[in-house]
Amino acid sequence: MDDFTPFSLENTLQCGQLFRWKKNDGSWTGIVAERVIKIRQKANVLEFEGANASFIKGYFRLDDDLQLIASCINRDHLMERALHRFPGLRIARQDPWECLISYICATYKNIPAIKSMISELSRRFGQKILFEGKSHFSFPTPDSLANATVNDLSSCGLGFRARAVREAAKHVRTGKVDFDSLKKASCKTAKSELLCLPGVGNKVADCTLLFSLEKLSAFPVDIWMKRVIKDHYSQNFDALFDKSLTEGNSLSTKAYERISEFAQGYFGKFAGYAQQYLFHYYRSLRNKACKS
DNA sequence: GTCCAGGTAAGAT
DNA sequence: ATCTTACATGGA
């Protein structure tokens with residue numbers, strides 16, 4: 001398969017949006033729905049097993065016109081650097097159920113810990129899949145998490161998130177939230193539905209919208225976006241608001257909405273892409289600083 | 001051992 | 001309405 005440029009498997013899998021992929025000597029192995037996929041990129045050729053080309057194309061959103069998206073969000077020097085530093089980074093098309101639970105778990109946790117939680121949840125409550133002689137585990141169904149005890153969930157490292165995960169699973173199982181209809185609904189309507197779920201606030205809702213419900217304008221605001229806004233976009237806000245963006249104190253609902261709405265107006269209909277580039281770029285700067 | 005993490009929700013003002 | 005604080009756990 002070779003009609004997908006620009007695309008970087010590395011940048012797409014490493015940017016922090018996905019939690020189920022591992023790299024081993026040049027190729028990546030990941031669990032997607034009920035499959036194990038092994039994939040690698042050589043220049044402009046993708047080699048993979050475990051799925052067909054159309055699945056890969058859909059999963060990595062290779063039909064998005066990334067050139068167009070990049071030109072839309074490239075509004076300033078910072079974005080230009082981010083786009084240049086991580087070319088070919090694409091938003092993946094995640095399964096909404098897995099995405100929702102993953103980002104409920106992501107609350108107030110670092111990425112290695114999130115990966116460990118998801119892996120453990122899958123090992124305990126998912127289905128075993130054999131691939132190249134090794135056991136892998138699919139993400140648990142809504143049923144299996146709804147039936148789990150809070151204690152069992154907690155022992156996967158979920159901590160206080162266990163209750164929210166279990167309750168959210170119940171809502172999905174009963175069809176109280178229906179992801180297919182949320183895909184068709186407007187961003188605003190879909191978000192208000194998601195916000196009814198336990199453990200889901202503005203940020204988790206926006207991640208679910210962006211990464212799994214086709215809402216590419218959704219702009220999740222986490223601690224990294226707060227830092228980016230404070231460091232590079234504060235001139236778009238009043239001084240008092242900027243001052244409230246200090247490290248340590250969490251974002252109020254009001255502040256969240258001000259930032260997210262600013263970003264959607266500023267970056268446009270692909271603001272979610274802008275968010276992911278900024279997220280990955282800003283984290284990479286900090287990680288570099290830590291190593292030196 | 002300390003710090004902090006892709007925030008949320010309950011309680012206080 | 002809006003602001004403040006507790007929160008379980010584990011990786012860095």
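Proteins get letters first, then strands, A, B, ... in listed order; numbering begins at 1 in each. What you see below is based on every heavy atom in this structure, not just the backbone, and it leaves out hydrogens, waters and symmetry mates.
- Across all strands, Gly16(A) comes closer than 4.0 Å to base atoms (heavy-atom distances).
- Salt bridge present: Arg258(A) and Asp238(A) bring a charged side-chain N and a carboxylate O closer than 4.0 Å.
- Between Ala113(A) and Lys254(A), the residue anchored closer to the 5' end of DNA chain C is Lys254(A), taking for each the nucleotide with the nearest heavy atom.
- Leu197(A) places its CG atom 18 Å from the P atom of dG7(B), with the value rounded to the nearest Å.
- Atoms CD (Glu167(A)) and P (dA10(B)) sit 12 Å apart, rounded to a whole Å.
- Taking atom CD of residue Glu247(A) and atom P of nucleotide dC4(B), one finds them 8 Å apart after rounding to whole Å.
- Heavy atoms of Glu120(A) sit nowhere under 4.0 angstrom from any nucleic acid atom.
- The pair Glu247(A)-Lys230(A) fails the salt-bridge criterion, with no side-chain N (NZ, NE, NH1 or NH2) lying under 4.0 Å from an Asp/Glu carboxylate O.
- Residue Ile118(A) contributes atom CD1, which lies 17 Å from atom P of dT9(C) at whole-angstrom precision.
- Straight-line distance from the CD1 atom of Ile114(A) to the P atom of dG10(C): 14 Å, rounded to whole Å.
- Arg227(A) comes within 4.0 angstrom of the backbone, heavy atoms only, and of no base.
- Between the C1' atom of dG7(B) and the CZ atom of Phe279(A) lies a distance of 13 Å, rounded to the nearest Å.
- Stacking between Phe160(A) and dA8(C) is absent: the aromatic ring centre is not both under 5.5 angstrom from the base six-membered ring centre and within 30 degrees in plane angle.
- The side chain of Ser252(A) places an N or O atom within less than 4.0 Å of a non-bridging phosphate oxygen (OP1 or OP2) of dC3(C).
- In this structure, Asp206(A) and Ser260(A) approach most closely via the heavy-atom pair OD2-OG, 4.1 Å.
- Using the six-membered ring where Trp is involved, Phe270(A) and Tyr273(A) have ring planes that are perpendicular, over 60° apart on the 30 and 60° scheme.
- Nucleic acid contact class of Arg161(A) (heavy atoms, under 4.0 Å, all strands): base.
- Looking at Ser154(A), its side chain has no donor and acceptor atom pair within 3.5 Å of the base of dT9(C).
- A straight line from CZ of Phe241(A) to C1' of dT2(C) spans 13 Å, rounded to a whole angstrom.
- Here the P atom of nucleotide dT8(B) and the OH atom of Tyr103(A) are 13 Å apart, to the nearest Å.
- The residue Val204(A) sits close only to the backbone: its heavy atoms come under 4.0 Å of sugar-phosphate atoms, none of a base.
- In this structure, Tyr282(A) reaches neither bases nor backbone, as no heavy-atom distance under 4.0 Å exists between it and the strands shown.
- Closest approach of Val204(A) and Leu100(A) over heavy atoms only: CG1-O, 4.3 Å.
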